[in-house]
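When reading the values below, keep in mind they use all heavy atoms of this one structure, side chains included, and skip hydrogens, waters and symmetry mates. Residue indices begin at 1 and follow the sequence shown.
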Amino acid sequence: MTGIPERQTSRAAGWSRRAGAFSAVLLLTALIGHRYDLVETPAFLWVLCIVALLAACALLFAGFAFARLWNFGDRGGHDLIVGALLAVLVLIPYGVAAYWVATYPPLRDISTDLDDPPVLDISTRTKDMNELSPTPGEQRLQIEAYPLVTGRSYTLPFDRVLEAVKTVLDRRGWQLTAPFPDAAGQSDVTVDALAKSLLLGLPADVAIRVTDDGDAVIVDMRSASRYGRYDLGDNAARITDFLSELDQEVAGQVGVAPAE
């Protein structure tokens, strides 16, 4: 009498669950560590690559395990499902980022004044960061992609506009990279700060230039990502959001909207 062969447990299914779980835990740990400045940005970007590789391996192991379950009836369906589900959840943000890369222009340095952009503070920048030299082609891309990135003109005293800038800065919690300038006896100052993206906390240098040209006070702004070829619209959104909030702060003082 022929015995029924015992069903084997798929090792690939177990490895799929382990790789999927490890990729999810590593991703969460890296995100939290980078958000609270426990992990430097270059190391964080490398960890993101490792996470994607682990999640892809989890899907690959899940595919092998499914083939074994289908053809030979191996055990391990629960591990296969868990590993594949975790891998897919981890890879969803990468898919969204890939879509954004295909959608947004390849820009990383945005300014409201393309002819004379505000000067960024380079004292805290290192050689492995992006260069601060947008090309004419990149400037044309900015004009086409972000027509709303424009400076502001306020008919207010210089010190009141600078105080409004400080109020919005404090509200946003950006880190100043240089002492906030004193308005006394000044007609042209630049405020330097370090901002971070909302989701990944990627750093960007920000310069806000406040100039009194005699007829009005002009506010120009520049934001440049420290790392990455694409900013995925982060710098343009940072500028437009900040200046819109500054408009509201000024309008609350004088009761009228500023000119762009």
Side-chain angles (χ1 to χ4, degrees), residues 29-48 97 100 104-114 116-134 138-139 142 146 149-152 161-183 186 188-211 218-249:
T29 303
L31 285 173
I32 295 173
H34 187 254
R35 171 60 66 178
Y36 290 98
D37 297 324
L38 301 176
V39 179
E40 294 184 355
T41 301
F44 171 67
L45 296 176
W46 277 110
V47 171
L48 291 183
W100 285 346
Y104 286 99
L107 297 173
R108 54 193 175 184
D109 188 348
I110 304 296
S111 175
T112 59
D113 188 346
L114 298 178
D116 183 22
V119 178
L120 293 169
D121 181 17
I122 62 173
S123 61
T124 58
R125 296 181 68 91
T126 58
K127 293 182 179 179
D128 60 334
M129 297 179 183
N130 292 332
E131 294 183 1
L132 297 176
S133 55
E138 291 174 336
Q139 292 178 341
Q142 176 188 322
Y146 307 119
V149 177
T150 58
R152 296 294 192 270
V161 174
L162 193 59
E163 183 62 28
V165 169
K166 187 177 186 303
T167 300
V168 178
L169 273 174
D170 293 341
R171 193 179 299 148
R172 288 181 167 263
W174 293 352
Q175 176 186 350
L176 293 177
T177 58
F180 195 86
D182 187 1
Q186 301 289 332
D188 187 351
V189 299
T190 299
V191 182
D192 298 300
L194 178 66
K196 293 186 177 182
S197 62
L198 178 61
L199 296 179
L200 298 182
L202 297 177
D205 289 301
V206 176
I208 306 167
R209 185 176 62 201
V210 184
T211 305
I218 310 299
V219 178
D220 280 302
M221 188 171 174
R222 181 180 180 184
S223 180
S225 301
R226 288 189 169 185
Y227 301 94
R229 181 67 184 86
Y230 291 77
D231 66 4
L232 305 181
D234 178 65
N235 289 307
R238 179 178 295 111
I239 291 175
T240 54
D241 290 346
F242 183 92
L243 292 180
S244 295
E245 192 171 344
L246 183 62
D247 290 344
Q248 297 175 3
E249 183 68 26

If we only count heavy atoms from C-beta on, is the Phe242 to Val206 side-chain gap below 4.5 Å?
no
Within the 4.5 Å heavy-atom criterion, are Pro117 and Gln139 side-chain neighbours or not?
no
Is there a side-chain contact between Val119 and Thr190 (heavy atoms, below 4.5 Å)?
no
Give a yes or no answer on whether the side chain of Ser223 reaches the backbone of Ile110 with a donor-acceptor pair at less than 3.5 Å.
no
Does Leu202 reach the side chain of Asp234, with side-chain heavy atoms less than 4.5 Å apart?
no
Arg35: what forms a side-chain hydrogen bond (donor to acceptor under 3.5 Å, both in side chains) with it, not counting sequence neighbours?
none
Do the non-hydrogen side-chain atoms of Tyr146 and Thr240 ever get within less than 4.5 Å of each other?
no
Would you check if the side chain of Gln142 reaches a backbone N or O of Ser111 as a donor-acceptor pair within less than 3.5 Å?
yes
Does Leu38, at its CG atom, have more than 12 non-hydrogen atoms belonging to other residues, nucleotides or ligands within less than 6.0 Å?
yes
Is the shortest side-chain N to carboxylate O distance from Glu138 to Arg229 below 4.0 Å?
yes
Could you tell me whether the side chain of Asn235 and the main chain of Arg108 form a donor-acceptor pair under 3.5 Å?
yes
Using side-chain heavy atoms (C-beta onward) and a distance below 4.5 Å, is Asp192 in contact with Leu120?
no
Could you grab the distance from atom CZ of Arg172 to atom CG of Asp170, nearest 0.5 Å is fine?
12.5 Å
Assess the side chains of Asp121 and Thr177: does a donor N or O sit below 3.5 Å from an acceptor N or O?
yes
Salt bridge (Lys or Arg N to Asp or Glu O under 4.0 Å) pairs touching residues 200-209, sequence neighbours excluded, are Asp113-Arg209, Asp116-Arg209, Arg125-Asp205, Asp205-Arg226, Arg209-Asp220
Rounded distance [0.5 Å steps], CG in Leu132 versus OG in Ser225
10.5 Å
